[in-house]
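Excluded from the calculations below are hydrogen atoms, water molecules and symmetry mates; all remaining heavy atoms, backbone and side chain alike, are included. This is a predicted model, so every value here is computed, not measured.
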Amino acid sequence: MAERLDHTGTLSPEHPGLTKPAKPPLYVSAKNETVRMFDSDFMEFFSRVHPATPLILYLPVVGLMLYVAIWRQGFPVFVVVGLFLLGMLLWTLLEYLIHRYIFHYEPKTRVGKRLHYIIHGVHHDYPNDARRLVMPPSVSVPLAFLFYGMFLLIFGRFSCSVFAGLVFGYVCYDMLHYATHHFPMKRGVLLWLKQYHLRHHYKDDHVGYGISSPLWDHVFRTTRR
(Lines give C-alpha, C1' and ligand atoms only; values in the text may rest on other atoms or scores of the structure.)
Protein backbone atom coordinates (compact mmCIF):
# COMPACT_ATOMS: atom_id res chain seq x y z
CA MET A 1 0.00 0.00 0.00
CA ALA A 2 1.39 3.40 -0.94
CA GLU A 3 1.96 6.00 1.75
CA ARG A 4 1.51 9.64 0.88
CA LEU A 5 4.54 11.83 1.60
CA ASP A 6 4.59 15.54 2.23
CA HIS A 7 6.86 17.84 0.24
CA THR A 8 9.75 17.43 2.72
CA GLY A 9 9.81 13.68 2.17
CA THR A 10 8.48 12.78 5.64
CA LEU A 11 5.30 10.93 6.39
CA SER A 12 2.31 13.16 7.10
CA PRO A 13 1.63 13.20 10.85
CA GLU A 14 -2.06 12.43 10.44
CA HIS A 15 -3.97 9.82 8.43
CA PRO A 16 -2.32 9.53 4.96
CA GLY A 17 -3.98 12.00 2.60
CA LEU A 18 -5.68 14.08 5.29
CA THR A 19 -3.34 17.01 4.93
CA LYS A 20 -2.64 18.67 1.62
CA PRO A 21 1.06 19.22 1.03
CA ALA A 22 2.38 22.57 -0.11
CA LYS A 23 3.64 20.83 -3.24
CA PRO A 24 2.37 17.71 -5.06
CA PRO A 25 3.18 14.52 -3.11
CA LEU A 26 6.40 12.72 -3.96
CA TYR A 27 4.49 9.50 -4.50
CA VAL A 28 1.01 8.83 -5.75
CA SER A 29 -0.06 5.30 -6.56
CA ALA A 30 0.06 4.44 -10.25
CA LYS A 31 -1.34 0.94 -9.75
CA ASN A 32 -4.82 -0.48 -9.25
CA GLU A 33 -4.39 -0.68 -5.49
CA THR A 34 -6.64 0.36 -2.66
CA VAL A 35 -6.57 1.49 0.96
CA ARG A 36 -8.99 0.79 3.77
CA MET A 37 -10.89 3.93 4.82
CA PHE A 38 -13.24 2.71 7.55
CA ASP A 39 -12.94 0.43 10.57
CA SER A 40 -16.52 -0.71 9.96
CA ASP A 41 -16.80 -3.51 7.39
CA PHE A 42 -20.29 -2.20 6.52
CA MET A 43 -19.02 1.31 5.74
CA GLU A 44 -15.99 -0.05 3.92
CA PHE A 45 -18.17 -2.26 1.72
CA PHE A 46 -20.34 0.68 0.62
CA SER A 47 -17.29 2.86 -0.08
CA ARG A 48 -16.49 0.62 -3.06
CA VAL A 49 -18.63 0.72 -6.19
CA HIS A 50 -18.56 -1.40 -9.34
CA PRO A 51 -17.99 0.91 -12.35
CA ALA A 52 -21.12 -0.40 -14.11
CA THR A 53 -23.36 0.83 -11.27
CA PRO A 54 -24.19 4.26 -12.79
CA LEU A 55 -25.19 2.59 -16.08
CA ILE A 56 -27.53 0.18 -14.32
CA LEU A 57 -29.05 2.81 -12.04
CA TYR A 58 -29.37 5.85 -14.27
CA LEU A 59 -29.83 4.83 -17.91
CA PRO A 60 -33.36 3.62 -17.08
CA VAL A 61 -33.99 7.03 -15.47
CA VAL A 62 -32.89 8.75 -18.68
CA GLY A 63 -35.21 6.50 -20.71
CA LEU A 64 -38.13 7.17 -18.36
CA MET A 65 -37.65 10.94 -18.49
CA LEU A 66 -37.51 10.93 -22.29
CA TYR A 67 -40.61 8.71 -22.46
CA VAL A 68 -42.52 11.14 -20.25
CA ALA A 69 -41.35 14.17 -22.26
CA ILE A 70 -42.14 12.74 -25.71
CA TRP A 71 -45.07 10.34 -25.24
CA ARG A 72 -46.80 11.61 -22.10
CA GLN A 73 -46.22 15.37 -22.39
CA GLY A 74 -46.19 15.34 -26.19
CA PHE A 75 -43.24 17.67 -26.77
CA PRO A 76 -41.78 17.69 -30.31
CA VAL A 77 -38.60 15.64 -30.62
CA PHE A 78 -36.48 18.66 -31.63
CA VAL A 79 -37.59 20.48 -28.45
CA VAL A 80 -36.71 17.48 -26.30
CA VAL A 81 -33.33 17.15 -28.02
CA GLY A 82 -32.56 20.82 -27.40
CA LEU A 83 -33.51 20.60 -23.73
CA PHE A 84 -31.60 17.32 -23.39
CA LEU A 85 -28.44 19.02 -24.72
CA LEU A 86 -29.03 21.91 -22.31
CA GLY A 87 -29.09 19.37 -19.48
CA MET A 88 -25.80 17.87 -20.64
CA LEU A 89 -24.24 21.34 -20.77
CA LEU A 90 -25.50 22.06 -17.26
CA TRP A 91 -23.89 18.83 -16.10
CA THR A 92 -20.47 19.88 -17.41
CA LEU A 93 -20.77 23.12 -15.41
CA LEU A 94 -21.96 21.27 -12.32
CA GLU A 95 -19.11 18.76 -12.68
CA TYR A 96 -16.58 21.60 -12.84
CA LEU A 97 -18.00 23.48 -9.85
CA ILE A 98 -18.24 20.37 -7.65
CA HIS A 99 -14.74 19.22 -8.56
CA ARG A 100 -13.15 22.62 -8.04
CA TYR A 101 -15.00 24.04 -5.05
CA ILE A 102 -16.13 20.95 -3.10
CA PHE A 103 -13.73 18.14 -3.96
CA HIS A 104 -10.72 20.49 -3.81
CA TYR A 105 -11.82 22.60 -0.89
CA GLU A 106 -9.06 22.63 1.72
CA PRO A 107 -10.56 22.33 5.23
CA LYS A 108 -8.65 23.41 8.32
CA THR A 109 -10.16 21.17 11.00
CA ARG A 110 -9.22 17.56 11.60
CA VAL A 111 -12.80 16.42 10.97
CA GLY A 112 -12.93 18.47 7.78
CA LYS A 113 -9.68 16.95 6.58
CA ARG A 114 -11.00 13.48 7.31
CA LEU A 115 -14.18 14.21 5.36
CA HIS A 116 -12.19 15.66 2.48
CA TYR A 117 -10.04 12.55 2.36
CA ILE A 118 -13.12 10.30 2.20
CA ILE A 119 -14.79 12.41 -0.50
CA HIS A 120 -11.86 13.03 -2.83
CA GLY A 121 -8.45 12.91 -1.18
CA VAL A 122 -8.29 9.13 -1.35
CA HIS A 123 -8.82 9.32 -5.11
CA HIS A 124 -5.77 11.54 -5.51
CA ASP A 125 -3.67 9.19 -3.38
CA TYR A 126 -4.97 6.07 -5.18
CA PRO A 127 -6.25 7.39 -8.54
CA ASN A 128 -6.42 3.97 -10.18
CA ASP A 129 -8.41 2.20 -7.49
CA ALA A 130 -11.02 0.63 -9.79
CA ARG A 131 -13.74 0.43 -7.11
CA ARG A 132 -13.49 4.07 -6.07
CA LEU A 133 -13.76 5.79 -9.43
CA VAL A 134 -17.54 6.29 -9.67
CA MET A 135 -19.80 7.99 -7.17
CA PRO A 136 -21.46 5.68 -4.60
CA PRO A 137 -25.27 5.47 -4.94
CA SER A 138 -25.54 6.54 -1.29
CA VAL A 139 -24.35 9.96 -2.52
CA SER A 140 -25.56 10.11 -6.12
CA VAL A 141 -29.18 9.04 -5.47
CA PRO A 142 -29.98 11.77 -2.90
CA LEU A 143 -28.27 14.30 -5.16
CA ALA A 144 -30.37 13.13 -8.11
CA PHE A 145 -33.58 13.72 -6.14
CA LEU A 146 -32.29 17.12 -5.02
CA PHE A 147 -31.50 18.26 -8.56
CA TYR A 148 -34.76 16.90 -9.94
CA GLY A 149 -36.64 18.93 -7.35
CA MET A 150 -34.64 22.03 -8.28
CA PHE A 151 -35.32 21.44 -11.98
CA LEU A 152 -39.05 21.17 -11.30
CA LEU A 153 -38.94 24.63 -9.74
CA ILE A 154 -36.74 26.15 -12.46
CA PHE A 155 -37.90 24.43 -15.66
CA GLY A 156 -41.42 23.34 -14.75
CA ARG A 157 -42.98 21.11 -17.42
CA PHE A 158 -39.66 21.02 -19.32
CA SER A 159 -37.81 19.53 -16.36
CA CYS A 160 -37.96 15.90 -17.55
CA SER A 161 -36.09 16.66 -20.77
CA VAL A 162 -33.42 18.79 -19.07
CA PHE A 163 -33.01 16.33 -16.20
CA ALA A 164 -32.59 13.46 -18.67
CA GLY A 165 -29.70 15.36 -20.26
CA LEU A 166 -28.14 16.12 -16.88
CA VAL A 167 -28.30 12.47 -15.79
CA PHE A 168 -26.95 11.25 -19.13
CA GLY A 169 -24.10 13.75 -18.79
CA TYR A 170 -23.38 12.39 -15.33
CA VAL A 171 -23.29 8.80 -16.61
CA CYS A 172 -20.92 9.83 -19.42
CA TYR A 173 -18.73 11.59 -16.87
CA ASP A 174 -18.49 8.54 -14.60
CA MET A 175 -17.75 6.20 -17.51
CA LEU A 176 -15.19 8.56 -19.01
CA HIS A 177 -13.54 9.04 -15.63
CA TYR A 178 -13.20 5.29 -15.23
CA ALA A 179 -11.91 4.95 -18.79
CA THR A 180 -9.22 7.62 -18.37
CA HIS A 181 -7.74 5.60 -15.54
CA HIS A 182 -8.17 2.09 -16.95
CA PHE A 183 -8.64 2.09 -20.75
CA PRO A 184 -5.79 2.60 -23.26
CA MET A 185 -7.49 5.43 -25.23
CA LYS A 186 -4.61 5.56 -27.71
CA ARG A 187 -5.75 8.19 -30.21
CA GLY A 188 -7.97 11.13 -30.99
CA VAL A 189 -10.15 13.08 -28.59
CA LEU A 190 -10.27 10.27 -26.03
CA LEU A 191 -6.48 10.19 -25.76
CA TRP A 192 -6.44 13.97 -25.37
CA LEU A 193 -9.05 13.81 -22.57
CA LYS A 194 -7.11 11.04 -20.85
CA GLN A 195 -3.91 13.07 -20.91
CA TYR A 196 -5.78 16.19 -19.79
CA HIS A 197 -7.18 14.46 -16.72
CA LEU A 198 -4.01 12.59 -15.80
CA ARG A 199 -2.08 15.87 -15.80
CA HIS A 200 -4.52 16.97 -13.07
CA HIS A 201 -3.47 13.93 -11.03
CA TYR A 202 0.24 13.72 -11.71
CA LYS A 203 1.29 17.30 -12.59
CA ASP A 204 -0.90 19.96 -10.99
CA ASP A 205 -4.20 19.34 -9.18
CA HIS A 206 -4.99 23.07 -9.01
CA VAL A 207 -5.96 23.15 -12.69
CA GLY A 208 -7.84 20.92 -15.15
CA TYR A 209 -11.01 20.38 -13.14
CA GLY A 210 -13.12 19.39 -16.15
CA ILE A 211 -13.16 15.65 -16.84
CA SER A 212 -15.87 15.12 -19.43
CA SER A 213 -15.09 18.51 -20.99
CA PRO A 214 -12.41 21.22 -20.59
CA LEU A 215 -14.96 23.91 -21.54
CA TRP A 216 -15.31 25.51 -18.11
CA ASP A 217 -11.58 25.35 -17.45
CA HIS A 218 -11.20 27.67 -20.42
CA VAL A 219 -14.09 29.88 -19.31
CA PHE A 220 -12.74 30.24 -15.75
CA ARG A 221 -9.07 30.14 -16.78
CA THR A 222 -8.04 27.02 -14.90
CA THR A 223 -6.35 25.27 -17.79
CA ARG A 224 -2.76 24.19 -17.26
CA ARG A 225 -0.34 26.99 -18.04
Considering all heavy atoms of both residues, which atom of [X] and which atom of [Y] are nearest to each other, and what is their separation?
| X | Y | result |
| --- | --- | --- |
| D39 | R36 | O-NH2, 3.0 Å |
| R48 | T34 | NH1-OG1, 2.6 Å |
| T222 | R100 | CG2-NH1, 3.4 Å |
| P54 | V134 | CG-CB, 4.0 Å |
| K113 | K108 | CE-O, 3.5 Å |
| L93 | W216 | N-NE1, 3.1 Å |

(request) In sequence, state the C-alpha distance, the side-chain angles, and the governing distance for S212 and W91, and then conclude on side-chain contact (heavy atoms from CB on, under 4.5 Å). (result) CA-CA 9 Å; S212 59; W91 167 256; 4.2 Å; yes
Would a single hydrophobic cluster contain both [Y] and [X], if residues Ile, Leu, Val, Met, Phe, Trp and Tyr are joined by side-chain heavy-atom contacts under 4.5 Å?
| X | Y | result |
| --- | --- | --- |
| Y148 | L153 | no |
| L190 | M88 | no |
| V35 | F38 | yes |
| M175 | I56 | no |
| L97 | M150 | no |

(request) Just do the side-chain contact (heavy atoms from CB on, under 4.5 Å) check on L198 and K203 with the steps written out, would you? (result) CA-CA 8 Å; L198 294 185; K203 294 291 184 181; over 6 Å; no
Separation of [Y] [atom2] from [X] [atom1] (nearest 0.5 Å):
| X | Y | atom1 | atom2 | answer |
| --- | --- | --- | --- | --- |
| S40 | F46 | OG | CZ | 10.0 Å |
| L89 | T92 | CG | OG1 | 4.5 Å |
| F151 | L146 | CZ | CG | 10.0 Å |
| F183 | L191 | CZ | CG | 15.0 Å |
| L176 | E95 | CG | CD | 8.5 Å |
| Y178 | I211 | OH | CD1 | 15.5 Å |

(request) Take R199 and V207, measure what side-chain contact (heavy atoms from CB on, under 4.5 Å) needs, and give me the verdict at the end. (result) CA-CA 9 Å; R199 283 196 295 269; V207 294; over 6 Å; no
(request) Evaluate the side-chain hydrogen bond (donor to acceptor under 3.5 Å, both in side chains) criterion for residues S140 and Y58: first the C-alpha distance (whole Å), next the side-chain angles of each, then the deciding distance (0.1 Å), finally the verdict. (result) CA-CA 10 Å; S140 67; Y58 293 112; 2.7 Å; yes
(request) Take the angle between the ring planes of H177 and H123 and call it parallel below 30°, perpendicular above 60°, tilted in between. (result)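 Perpendicular.
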(request) Could you tell me how the ring of Y209 sits relative to the ring of Y96: parallel (under 30°), tilted (30 to 60°) or perpendicular (over 60°)? (result)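 Y209 vs Y96 ring planes: perpendicular.
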(message) As a test of understanding, state which of H197, H200, H124 forms a ring-ring contact (aromatic ring centres under 6.0 Å, His included) with H181.
(response) H197
(request) In sequence, state the C-alpha distance, the side-chain angles, and the governing distance for T223 and D217, and then conclude on side-chain hydrogen bond (donor to acceptor under 3.5 Å, both in side chains). (result) CA-CA 5 Å; T223 54; D217 281 311; over 6 Å; no
Report all side-chain donor-acceptor pairs from residues 61-84 shorter than 3.5 Å, counting only partners two or more places apart or in another chain.
from : atom 1 : to   : atom 2 : distance (Å)
Q73  : NE2    : R157 : O      : 3.2

(request) For salt bridge (charged side-chain N to carboxylate O under 4.0 Å, His left out), just list the numbers for D125 and R132, CA-CA rounded to whole Å, side-chain angles, deciding distance to a tenth of an Å, and then say yes or no. (result) CA-CA 11 Å; D125 283 1; R132 288 195 174 119; over 6 Å; no
(request) Check the side chains of R131 and S47 for a donor-acceptor pair under 3.5 angstrom, ignoring hydrogens and angles. (result) no
Please tell me if the side chains of [X] and [Y] come closer than 4.5 Å, counting only heavy atoms from C-beta onward.
| X | Y | result |
| --- | --- | --- |
| D205 | H104 | yes |
| S159 | I154 | no |
| M185 | Q195 | no |
| L115 | P107 | no |
| L86 | F155 | yes |

Under 3.5 Å, side chain of [X] to main-chain N/O of [Y], donor-acceptor pair present?
| X | Y | answer |
| --- | --- | --- |
| H182 | N128 | yes |
| E44 | M37 | yes |
| R114 | Y117 | no |

(request) Check the pair M135, Y170 against side-chain contact (heavy atoms from CB on, under 4.5 Å), reporting the backbone distance first and the verdict last. (result) CA-CA 10 Å; M135 192 177 293; Y170 162 70; 3.4 Å; yes
(request) Kindly say whether the aromatic ring centers of H116 and Y105 come within a distance under 6.0 Å. (result) no
